[in-house]
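First comes the structure, then the notes that go with it.
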Amino acid sequence: MAGRRAPRQARPHPLNLRAETTARYPMDQITDTARYDPAEAEPRWQRAWDEAGCFAVPDLPDGTKPKYYVLEMFPYPSGRIHMGHVRNYTLGDVVARYKRARGFAVMHPMGWDAFGLPAENAARERGIHPGRWTWDNIATMRGELKRMGLSLDWSREFATCDPAYYGHQQALFLDFLEAGLVERKEAFVNWDPVDQTVLANEQVIDGRGWRSGAVVERRKLSQWFLRITRYAEDLLAALDTLDRWPERVRTMQRNWIGRSDGARIRFRLETPVDGHDAVEVFTTRPDTLFGMSFLALSPDHPLAAAIAARDPAAAAFVASCRTLGTTEAALETAEKRGHDTGLRVRHPFNGRTYPVWIANFVLMEYGTGAIFGCPGHDQRDLDFARRYGLSVTPVVLPPGAEATTFAIGDTAFVEDGTLINSDFLDGLEVPAAKRRIVEELERTGQGTGVVQWRLRDWGISRQRYWGCPIPVIHCDACGIVPVPKDQLPVRLPEDVDLARPGNPLDHHPTWKHVACPRCRAPARRETDTMDTFVDSSWYFARFTAPRAETPTSRAAADAWLPVDQYIGGIEHAILHLLYSRFFARAMRDTGHLGLASGEPFAGLFTQGMVKHETYRGADGRWLYPAEVEKRADGTAVHRETGEPVTVGAVEAMSKSKRNTVDPGAIIDRYGADTARWFILSDNPPERDMEWTEAGVAGAHRFTQRVWRLVQGALPSLPPHGTPAPAGFSAEARALRRATHRTIAAVTQALETFAFNVAVARLHEFANAIADVRGEDDDLAWARREALEALVRLFSPMMPHLAEECWALLAPGQGMVATLPWLEHDTTLAAADTVTIAVQVMGRLRGTIEVPVGADEAAVLAAAEAETNVARALAGRTIRKRIHVPGKIVNFVL
RNA sequence: GCGGGCGUGGCGGAACUGGCAGACGCAGCGGACUUAAAAUCCGCGUCCUUCGGGAAUUGUGGGUUCGACUCCCACCGCCCGCACCA
């Protein structure tokens, strides 16, 4: 999932391989044996965590600890992990490790979003079976993820392409079918006539298929739909309860669901056509009904089809609209065009008739596929009316305008005002006019007030091989027959021909031919597979009991759900998250979950992209960062050839621009902790970050600095667990204050996803520890306290280094991964004295150091006495003295 | 067009509930250590300075306040999402 729409990472360039690059990095030339060696230490600690089972949790928690479910969007197994994955999983791992230390039973699983088109493309291009390609990629990527030291419960791992997973998905489908949540209906699709397949909207580029280049047709096909619209009201309303979701994601979902309040109005046709004697339109502006000038049908409207059947000109017009494609972009750029059918409809109230047009800008998918045109108060209708010379009557008067002189030019008036030229609505304001006319329409049986949704049912049919088969059978006698549950999973056949265009399951020689489960007559399997978004719509529930015999184990699901913290890319703000919200409700209503709220993700965090500078060689070709050497003078050259390199813009890492950095190469060179620390330190995690070599090197310096700090201090430290001395010097008290303030600050930062702030506080703390030089017993004790705190505070971010330091500081005292989080001591964090800023007329003139809780008179006296302040005050009268205890003094003259 | 968000040094960014703007890191410059380099450590935002300090500065203009990065109004710029949605 993560990475399906996001830019995909490149295959590693040969230059990224370890043997090629590490020799250039200076750290390998260093002979200092005291250096921390992540390549040796990290795998060792990963084994230790694994053997101790630190991160495994049972399906049914024992109830001694509160639960916390951390989930990152699971990856699509595209080949190798990329920096986007590293960022995503690092963020989740910090949360998981922190919450574990805070005493929660933490569920933190990982799996694979393993169905999808790239596997079929790879099969075609390289002759590898999609399953083989996918499982190989999973093996590679699992190894790469394990090297990151993530605190995952790997015993829960699964891949969605495994029949052990998708069989349960088929069972869910059958339950949804029985509950009336699945529907088979005709729908328009993007049809590629060369590849003979349905294309997703994003696979249509400029009206052509992305692979074949053929002009895409709009074709009506029978498709399977999940009835997400049944939950539209709840999916919208419940957004208000998701207070730990980003506001913009909620806004995007609101727009997507798109509630609009309006009316349906019936217009009688003067001459019935083929059984149609009326047209129903939807409008949000029933108040403008008296400003009507025409009625327009979508080219896909049934009445348009009926007209086209009799009228070649109409048929030609409808056909020309079809070739435009269904992408929003294609519709947007299209000019408004129409065809006058010659038919007329009668107005519900004024007795007049108006022409019926077929117009290319009217969408069949929204409302009723027909509109009434009011050019005075709708820009689209106005454009259309001007083009075809249709009448324009203003019926809403802008505030302050004069009814006798007001006229519409090239801009429709779409705001509120007072109704004119509108019979019984005259004089009413727009909201009142809307209410009044709906009453009138309902009273006369010509219309009704309705709520219209933009959200459409979810078409899940895909004519693809590498997806979950839809478990139904088509029988000529019995119709659509569900596959009996005891025959699940319906497995994909292994032997397929992907070279032929069209649906591989459909032209498989034997697979689809089965006996009808009901009447035993020869029948055919459904050959469509499900949209891969289905796979990712319930995986979070399956993780709670990944080996259960049924899709979920109710006890496990109810114990662990909802996910407390979900983390992933903003590119899934609408579809994946909306589909999952729908699935949680549908699963609840079919008994698979107890989740009363229907909300699968209580908290959501969307991380930013990872970007990098781009480089071009002398010949204009893109170069990988690993091929480029930055010179001290700021110029860049090719490492091998020495030719100059042009440094371009910082852009999202992408294969096509080759501005990718291979995580494996970074771990080889610096270790996982360095990569994690850099990713967390650079900027706030919701923003896009720039990956820079200098930044990684800086992060790596810090790991070595910490190691030196601990090693250097070790000989002079009292043993772990030594009781505190009776008293502390001022210097020792200051260090302890720094320790306890840092505990408080880092805790606060981790709670609020301000990981970059946590990193900054830990830098400061390390500086503070290094600044303290004395050897007295009390100071040594405070230094141990500080170093132990430092290590434990950075442990969620650099877990391996933390273990390695902890083993030095407290040998035989267990692993940091199993230690509780530190609590700060408010008393120790409190200062004895405080620095107060002294202002004169709001300008800073000096600072004074006063005891905490000093009385106001003393503080003011000290402030006035400060030399620089005194000079500023000399010869002036103080009119007012402001004193904010512990903060500031301000003298007003 | 509608909706959401953001503007702070050369760069990424920090700043609690309105109280010392620029923490921390990166880059750059200077210094220490070294035969030298790397590594490491120290110092440095701008302008003026009589070296005490002073002035300007958080996109722009106004306002509230003893005091504004923070609150209010107007404007400018950038980013993201949606859109013939009737």
Side-chain angles (χ1 to χ4, degrees), chain A residues 26-27 29-30 32 35 246-256 258 260 262 281-286 288 296 328-329 331-336 359-363 365-374 377-381 383-384 414 452-456 570 573-574 632 634 650 678 681-684 686-690 692-699 701-702 704-705 708 745 748 754 756-767 770 835-847 867-868 871-872 879-884 886-893:
Chain A
M27 74 171 262
Q29 298 157 18
I30 294 160
D32 183 358
R35 277 189 85 85
E247 187 52 46
R248 64 174 176 147
V249 174
R250 294 197 285 168
T251 303
M252 284 159 73
Q253 293 221 350
R254 265 187 213 106
N255 291 342
W256 187 263
S260 48
V281 307
F282 173 73
T283 179
T284 55
R285 294 298 302 274
T288 63
E328 311 291 8
L331 288 170
E332 187 181 355
T333 50
E335 252 186 287
K336 285 186 184 51
N360 66 342
F361 68 93
V362 181
L363 303 175
E365 293 83 356
Y366 194 76
T368 61
I371 60 157
F372 79 81
C374 175
H377 307 285
D378 184 289
Q379 192 59 44
R380 296 156 300 183
D381 297 347
D383 295 345
F384 190 77
V414 297
Q452 184 70 41
W453 302 88
R454 183 182 173 280
L455 183 70
R456 298 172 207 169
I570 187 74
I574 297 175
V650 175
F678 172 54
S681 67
D682 189 61
N683 68 349
E686 68 275 13
R687 298 196 203 165
D688 291 349
M689 72 168 288
E690 185 187 351
T692 61
E693 275 302 302
V696 192
R701 269 202 296 281
F702 185 72
Q704 296 296 349
R705 181 167 147 78
R708 273 198 311 277
Q748 163 74 16
N756 57 323
V757 179
V759 167
R761 294 289 93 82
L762 288 166
H763 271 132
E764 285 173 11
F765 188 37
N767 291 342
T835 307
I836 304 250
V838 184
Q839 299 180 336
V840 177
M841 293 298 284
R843 278 183 180 284
L844 183 72
R845 293 300 171 195
T847 58
T867 38
N868 206 42
R871 183 168 38 218
R879 289 203 293 126
K880 200 169 169 187
R881 295 171 170 81
I882 314 265
H883 174 226
V884 180
K887 302 270 187 193
I888 206 163
V889 168
N890 190 10
F891 295 112
V892 186
L893 302 180

Begin with the C-alpha distance, continue with both residues' side-chain angles, and end with the deciding distance and a verdict on side-chain contact (heavy atoms from CB on, under 4.5 Å) for I570(A) and R248(A).
CA-CA 10 Å; I570(A) 187 74; R248(A) 64 174 176 147; 3.7 Å; yes
Quick one: is G19(B) close enough that its OP1 or OP2 comes under 4.0 Å of any side-chain N or O from R843(A)?
no
Just call it for V362(A): base, sugar-phosphate, or nothing, with non-hydrogen atoms closer than 4.0 Å on any strand.
base
For G9(B), glycosidic torsion class - syn if within 90° of 0, otherwise anti
syn
Looking at the angle O4'-C1'-N9-C4 for a purine or O4'-C1'-N1-C2 for a pyrimidine, is G52(B) syn or anti, with syn meaning within 90° of 0?
syn
Spell out yes or no: do the side chain of N890(A) and the base of C66(B) have one donor N/O and one acceptor N/O closer than 3.5 Å?
yes
Check whether any side-chain nitrogen or oxygen of N255(A) sits under 4.0 Å from OP1 or OP2 of G3(B), and answer yes or no.
no
Nearest-Å distance for atom pair CG/P, residues L893(A) and C66(B)
14 Å
Output the rounded distance in Å from CZ (F702(A)) to C1' (U40(B)).
16 Å
Quick check on RNA chain B: between V884(A) and G369(A), whose nearest nucleotide comes earlier from the 5' end?
V884(A)
So what does K880(A) touch, heavy atoms closer than 4.0 Å: a base, only the sugar-phosphate, or nothing?
sugar-phosphate
Report yes if a side-chain nitrogen or oxygen of R254(A) is closer than 4.0 Å to either non-bridging phosphate oxygen (OP1 or OP2) of C82(B); otherwise report no.
no
Return the minimal non-hydrogen interatomic distance between A872(A) and L893(A), and the atom names on each side.
O-CD1, 4.5 Å
Output the rounded distance in Å from CH2 (W256(A)) to P (G4(B)).
19 Å
Within this structure, what is the OH-to-P distance between Y366(A) and A83(B), rounded to whole angstrom?
12 Å
Give a yes/no answer on whether the side chain of R687(A) brings an N or O atom under 4.0 Å of OP1 or OP2 in G12(B).
no
Below 4.0 Å: OP1/OP2 of C41(B) and any side-chain N or O of R705(A)
yes
Sub-3.5 Å donor-acceptor pair from the side chain of N683(A) to the main-chain atoms of D688(A), do we have one?
yes
Nearest-Å distance, CE (M252(A)) to P (C80(B))?
12 Å
Testing A86(B), G19(B), G13(B) for proximity to the side chain of I371(A), the answer is A86(B)
Under 4.0 Å between a side-chain N/O of N868(A) and OP1 or OP2 of G54(B), yes or no?
yes
Output the rounded distance in Å from CG (N767(A)) to P (U40(B)).
13 Å
Do the side chain of K336(A) and the base of C84(B) come within less than 3.5 angstrom through a donor-acceptor pair of N or O atoms?
yes
Is the side chain of R881(A) donor-acceptor paired with the backbone N or O of F891(A) at a distance under 3.5 Å, no angle test?
no
For the side chain of A837(A), counting heavy atoms from C-beta on, which of C20(B), A15(B), C84(B) is nearest?
C20(B)
Does A83(B) have its OP1 or OP2 closer than 4.0 Å to a side-chain nitrogen or oxygen of R380(A)?
no
Answer with base, sugar-phosphate or nothing: what part of the nucleic acid does R879(A) contact at a heavy-atom distance below 4.0 Å?
nothing
A86(B) OP1/OP2 closer than 4.0 Å to side-chain N/O of S260(A)
yes
Under 4.0 angstrom, heavy atoms only, what part of the nucleic acid is T283(A) near: base, sugar-phosphate, or nothing?
sugar-phosphate
So is K336(A) actually on top of F384(A)'s ring, under 6.0 Å and inside 45° of the axis?
no
Atom pair distance, as rounded to whole Å: CG in N360(A) and P in C85(B):
13 Å
Establish whether the base of A23(B) is bridged to the side chain of R761(A) by a donor-acceptor pair shorter than 3.5 Å.
yes
From C-beta outward on L363(A), which listed nucleotide comes closest to its side chain: G13(B), A15(B), C85(B)?
C85(B)
Measure across Y366(A) and R454(A) and return the closest heavy-atom pair with its distance rounded to 0.1 Å.
CE1-CA, 3.6 Å
G698(A) near the nucleic acid: base, sugar-phosphate alone, or nothing, with a heavy-atom cut-off under 4.0 Å?
sugar-phosphate
Atom pair CG/CG of N767(A) and L762(A) - distance to nearest 0.5 Å
11.0 Å
Taking for each residue the nucleotide of RNA chain B with the nearest heavy atom, is it F282(A) or H763(A) whose nucleotide lies nearer the 5' end?
H763(A)
Without decimals, in angstroms, what is the distance between L844(A) CG and G53(B) C1'?
13 Å
Any R701(A) side-chain N or O less than 4.0 Å from OP1/OP2 of A38(B)
no
Which part of the nucleic acid does R845(A) contact within heavy-atom distance under 4.0 Å: base, sugar-phosphate only, or nothing?
sugar-phosphate
Remember a base hit wins even if backbone is also touched, and classify P246(A) as base, sugar-phosphate or nothing at under 4.0 Å, heavy atoms.
nothing
Please evaluate residues D378(A) and F372(A) with respect to the criterion side-chain contact (heavy atoms from CB on, under 4.5 Å), reporting the C-alpha separation (whole Å), side-chain torsions for both, the decisive distance (0.1 Å), and the verdict.
CA-CA 11 Å; D378(A) 184 289; F372(A) 79 81; over 6 Å; no
Side-chain contact check for E247(A): nearest option of C20(B), C84(B), G4(B) is G4(B)
Is the distance from OP1 or OP2 of A14(B) to the nearest side-chain N or O of N756(A) less than 4.0 Å?
yes
Counting side-chain heavy atoms from C-beta on, which of A86(B), C20(B), G12(B) comes nearest to F361(A)?
A86(B)
What are the two closest heavy atoms between N890(A) and M841(A), and how far apart are they?
OD1-N, 3.5 Å
Consecutive-pair stems (at least three Watson-Crick or G-U pairs, under 3.5 Å) that include RNA chain B:
B:1-7 with B:76-82, B:10-12 with B:24-26, B:28-32 with B:40-44, B:46-48 with B:53-55, B:59-63 with B:71-75
Tell me, with the steps shown, if I836(A) and K887(A) meet side-chain contact (heavy atoms from CB on, under 4.5 Å).
CA-CA 5 Å; I836(A) 304 250; K887(A) 302 270 187 193; over 6 Å; no
Consider the side chain of R248(A), meaning its heavy atoms from C-beta on, and name the nucleotide among A27(B), G4(B), A86(B) that approaches it most closely.
G4(B)
